[in-house]
K.L.:
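Dropping a structure here in structure tokens format, bear with me for questions.
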There are 2 protein chains.
Amino acid sequence: MTQPLLNEIADVGRDRRRGGYSRHVFDDADRQLRDWFTARAARAGLGVEADRNGNVWAWWGEPGPDAVVTGSHLDSVPGGGAFDGPLGVASALSAVESLRAKGFVPSRPMAVLVFAEEEGGRFGVPCLGSRLLTGSLAAERARALRDTEGRTLAEAAASAGFPPERFGADTEALGRIGRFVELHVEQGRGLVDLGEPIAVGSTVIGHGRWRFSFSGQGNHAGATLLTDRHDPMLPAAGVVAAARRAAASVPEARATVGRLVPTPGGTNVIASTVDVWLDARVPGGGSRALVEEIAEAARAAAADEGCEVTVTEESYSDDVVFDPGLRDELSATLGGAPALPTGAGHDAAILAAQVPSGMLYVRNPTGISHAPEEFAEADDVDRGGAALATVLERLCQ
Amino acid sequence: MTQPLLNEIADVGRDRRRGGYSRHVFDDADRQLRDWFTARAARAGLGVEADRNGNVWAWWGEPGPDAVVTGSHLDSVPGGGAFDGPLGVASALSAVESLRAKGFVPSRPMAVLVFAEEEGGRFGVPCLGSRLLTGSLAAERARALRDTEGRTLAEAAASAGFPPERFGADTEALGRIGRFVELHVEQGRGLVDLGEPIAVGSTVIGHGRWRFSFSGQGNHAGATLLTDRHDPMLPAAGVVAAARRAAASVPEARATVGRLVPTPGGTNVIASTVDVWLDARVPGGGSRALVEEIAEAARAAAADEGCEVTVTEESYSDDVVFDPGLRDELSATLGGAPALPTGAGHDAAILAAQVPSGMLYVRNPTGISHAPEEFAEADDVDRGGAALATVLERLCQ
């Protein structure tokens with residue numbers, strides 16, 4: 001059963017200020033969750049090992065080629081929900097337990113995989129563990145990523161016992177994966193609208209993150225005339241409006257500013273710099289063009305205020321179409337489960353460039369995700385675990 | 001000499017992230033600065049005592065009525081300069097030392113006064129110590145103020161050894177002040193333009209702080225269609241634009257957003273709430289009308305996005321005209337020093353409602369304040385200390 005496993009970690013990493021959970025790679029909650037997973041996997045008879053990039057693998061049988069691998073992540077966005085990530089890990093563990101209980105013997109290696117920092121909540125790059133594993137993020141760039149305290153990923157990893165000099169494309173680990181299946185709570189109301197508990201994934205919209213860094217002149221909020229100001233908050237606020245305006249003109253496009261940091265951040269202080277992070281997602285490869293349109297508006301607004309702006313692409317992913325054969329096999333195995341597209345990124349979509357990958361979604365009655373209101377009914381949670389067991393059994397027959 | 005005194009505290013409370021200094025009431029830097037002041041005042045033969053509200057008094061002679069009191073504050077805005085506050089305290093100490101050195105014996109009590117939390121950098125209300133002393137801020141409201149960590153002023157004060165139950169209008173302490181003079185670095189280029197090193201204060205523009213709290217629905221930045229969003233960042237950014245627009249239409253008005261905090265603050269997360277702090281200052285009592293205009297725009301923008309907004313006045317001060325007799329006496333004593341208005345608030349302006357108060361300004365070649373670039377030449381710093389000594393001698397003859 002999956003729900004009891006989720007209950008075991010219900011108190012780990014709660015965020016009292018934001019609500020929900022804040023669980024970020026190599027923080028205290030992350031350590032507790034890794035310990036929990038290691039103990040749980042060992043109790044299920046799995047052999048646990050970390051790879052070079054901070055991802056954790058739990059093997060049923062000897063690690064080997066053509067393995068069926070399933071899993072997800074245990075980290076969260078700041079103030080996130082209880083299901084995004086952990087549902088896939090708990091479902092994988094419960095699926096293994098139920099297959100063992102019924103005496104199933106897999107015909108090929110099987111593993112549960114927990115990816116590091118899927119949300120990019122601490123170091124800014126989403127799907128950090130899967131990007132490193134597949135080589136789509138260079139080890140050198142990853143090591144230099146910094147959290148808001150100024151600590152590098154290299155430093156944080158070293159303190160947690162993961163030598164950062166070992167980061168990098170891990171062809172040996174990746175080469176073992178025959179097929180990958182990730183179960184995830186749905187981040188929308190597709191299943192609610194269909195009246196179904198489980199779907200399979202079809203596509204993921206391309207997405208990326210851009211940092212707009214505005215600099216002006218910090219000064220006194222009372223003593224400085226408007227005409228003497230170079231206030232970077234003006235063009236920074238303009239990005240929020242420009243992003244909405246630009247995205248509204250492109251079908252299916254999404255553009256979001258959820259993080260905006262003025263420095264020094266005093267009430268009676270004109271900011272000297274403002275950093276704005278833009279999350280943009282446009283189907284059909286349109287994300288960069290959308291961002292360029294927003295950047296043009298930002299440059300004009302910065303110039304109007306006598307400020308400077310630099311725009312940095314922090315991550316980028318193209319559209320992903322999950323392996324059609326695997327998608328159809330998953331759907332058929334589950335009695336014709338519907339296929340759903342999503343605007344949310346996943347480790348499975350990173351792996352999809354190199355190995356056949358697919359996803360299962362579990363109904364979310366609120367349709368909300370990345371927020372404490374994210375939910376799945378206990379019955380649906382257990383249905384998800386059972387569906388994953390069915391799928392794994394099929395793929396390992 | 002004043003500059004050597006400033007040098008003694010040059011390393012206290014440096015802010016490596018923002019640059020400059022972050023010194024806030026009852027934090028570690030504040031404690032070090034209080035200890036420094038106490039030791040320095042004792043060495044100058046002054047009797048040091050804290051009042052009921054966390055302000056520190058250093059008396060030359062017995063505390064008593066009709067005293068001449070001078071001083072300023074030691075706290076800073078986040079990432080502030082080295083002079084805003086400490087210049088007035090160091091000048092007061094050096095003035096006392098030079099008067100003692102020349103054998104001057106004051107004809108009435110004299111004191112150096114260090115106010116707590118003038119910038120409101122930790123608990124949000126500027127001139128916290130002088131407002132409590134004068135009763136313009138109720139003790140009960142003060143005790144309940146919270147810092148960004150959620151700690152109340154009452155808790156922070158108690159930990160620092162200042163019993164919060166003693167907070168409140170201190171008529172005994174206030175009743176001792178015959179005249180109050182605060183020396184401060186100029187927060188503009190008035191003296192640069194005049195080619196003068198020292199000015200006296202004439203007026204302070206009325207000012208206040210308002211918090212706009214927007215709430216919407218936190219959700220996934222990729223999976224949530226634009227049409228399904230209730231994103232409080234949109235109307236929050238609108239406040240920045242509306243504040244500039246509204247202030248630009250009123251002569252001499254200033255309106256600033258220097259602090260804006262989205263929660264949870266994740267890059268791939270639509271915020272659930274955004275708090276925006278508006279600093280507004282309009283001569284002639286127009287601040288509240290200006291804010292109401294901005295609030296109207298905020299309510300409309302919030303409604304457009306399906307969000308809610310509440311507007312809270314966190315502090316408010318009317319225009320202040322410093323005592324004309326004292327102003328003219330200060331100017332004449334300093335050989336006809338010019339009189340300057342300011343848009344910056346000061347403890348002297350809070351006291352001005354109850355006792356004759358005045359100010360001296362020291363030239364700032366950058367014109368910048370509340371930022372690391374704030375500056376005063378060492379010669380001007382010592383000229384300021386000497387001018388304050390001259391003024392104190394005159395007022396105590």
Side-chain angles (χ1 to χ4, degrees), chain A residues 15 17-18 20 77-80 119-121 124 126 150 187-188 205 207 209 217-226 231 233-234 237-238 240-241 244 247-248 253-254 256-260 262-272 277 279 281 342-345 368-373, chain B residues 15 17-18 20 22 77-80 119-121 124 126 150 187-188 205 207 209 217-226 231 233-234 237-238 240-241 244 247-248 254 256-260 262-272 277 279 281 342-345 368-373:
Chain A
D15 189 323
R17 184 172 74 78
R18 298 182 175 93
V77 297
E119 301 290 2
Q187 299 172 296
I205 297 175
H207 54 93
R209 297 179 181 192
Q217 175 58 58
N219 214 331
H220 193 291
T224 314
L225 292 172
L226 298 186
D231 182 352
M233 190 65 98
L234 271 292
V240 177
R244 172 60 68 90
R254 299 101 205 254
T256 308
V257 174
R259 188 177 168 206
L260 186 157
T263 299
T267 302
N268 52 345
V269 186
I270 298 166
S272 56
W277 282 264
D279 179 304
R281 315 191 189 211
T342 183
I368 293 168
S369 189
H370 286 187
E373 295 90 341
Chain B
D15 188 323
R17 184 172 74 79
R18 299 181 175 94
S22 289
V77 297
E119 301 291 3
Q187 298 171 298
I205 297 174
H207 54 93
R209 298 179 181 192
Q217 175 58 58
N219 214 332
H220 194 291
T224 315
L225 292 171
L226 298 186
D231 182 352
M233 190 66 97
L234 271 292
V240 177
R244 173 61 68 89
R254 299 102 204 257
T256 308
V257 174
R259 188 177 168 206
L260 185 156
T263 299
T267 302
N268 51 346
V269 186
I270 298 166
S272 57
W277 282 265
D279 178 303
R281 313 189 191 214
T342 184
I368 293 167
S369 189
H370 285 187
E373 295 89 341

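Side chains are part of it too, since the values below use all heavy atoms of this structure and drop only hydrogens, waters and symmetry mates. Chain A is the first sequence line, chain B the second, and so forth, proteins listed ahead of strands; every chain is numbered from 1.
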K.L.:
So for B:Ile205, is it side chain, backbone, both, or neither that comes closer than 4.5 Å to the heavy atoms of chain A?
P.N.:
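Nothing of B:Ile205, per the 4.5 Å heavy-atom cut-off to chain A.
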K.L.:
Counting heavy-atom pairs under 4.5 Å with chain A, which one of B:Asp15, B:Val257, B:Thr224 comes out on top?
P.N.:
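So the answer, after comparing B:Asp15, B:Val257, B:Thr224, is B:Val257.
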K.L.:
Taking all heavy atoms of A:Gln187 and all of B:Ala223, pick out the closest pair and write down the distance.
P.N.:
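So the two residues come closest at O-CB, 2.7 Å.
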K.L.:
Compare every heavy atom of B:Ala371 with every heavy atom of A:Gly218, then report the nearest pair and how far apart it is.
P.N.:
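Minimum heavy-atom contact is O-CB, 3.5 Å.
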K.L.:
Indicate the atoms forming the closest heavy-atom contact of B:Arg281 with A:Asn268, along with that distance.
P.N.:
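Closest approach of B:Arg281 to A:Asn268, heavy atoms only: NH2-CB, 3.7 Å.
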K.L.:
Counting heavy-atom pairs under 4.5 Å with chain A, which one of B:Gly79, B:Ala221, B:Ala241 comes out on top?
P.N.:
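If we count pairs closer than 4.5 Å to chain A, B:Ala221 comes out on top.
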K.L.:
Quick check: closest heavy atoms across A:Pro264 and B:Pro78, and the distance to 0.1 Å?
P.N.:
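Nearest heavy atoms, A:Pro264 then B:Pro78: CB-O, 3.0 Å.
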K.L.:
Most heavy-atom pairs under 4.5 angstrom with chain A, which of B:Asp279, B:Thr267, B:Thr342?
P.N.:
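Max contact count across the listed options: B:Thr267.
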K.L.:
If you compare all heavy atoms of B:Arg244 against all heavy atoms of A:Asp231, which two are closest, and at what distance to 0.1 Å?
P.N.:
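The answer is NH2-CB, 4.0 Å.
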K.L.:
State, to 0.1 Å, how close A:Ile368 and B:Asn219 come at their nearest heavy-atom pair, and which atoms those are.
P.N.:
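For A:Ile368 versus B:Asn219, the nearest heavy atoms are CA-OD1, 3.4 Å.
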K.L.:
Would you say A:His220's side chain and B:Gly188's backbone share a donor-acceptor pair under 3.5 angstrom?
P.N.:
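Not at all, since once roles are kept as given, no pair shorter than 3.5 Å links the two residues.
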K.L.:
Against chain A, label B:Glu119 side chain, backbone, both or neither, depending on which of its atoms sit under 4.5 Å from a heavy atom there.
P.N.:
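Both parts, backbone and side chain.
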K.L.:
Please rank B:Ser369, B:Gly80, B:Ala271 by heavy-atom pairs under 4.5 Å with chain A and give me the top one.
P.N.:
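Greatest number of close heavy-atom pairs with chain A: B:Ser369.
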K.L.:
Which bit of A:Thr263 comes within less than 4.5 Å of chain B, counting heavy atoms only: side chain, backbone, both or neither?
P.N.:
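Contact with chain B is through the side chain of A:Thr263 alone.
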K.L.:
Less than 4.5 Å apart, side chain to side chain, heavy atoms only: is that true for A:Ile270 and B:Arg254?
P.N.:
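When only atoms from C-beta onward are counted, B:Arg254 and A:Ile270 do not touch, as no gap falls below 4.5 Å.
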K.L.:
What is the distance from atom CG of B:Leu226 to atom OG1 of A:Thr256, rounded to the nearest 0.5 Å?
P.N.:
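Rounded to the nearest 0.5 Å, the CG-OG1 separation comes to 7.5 Å.
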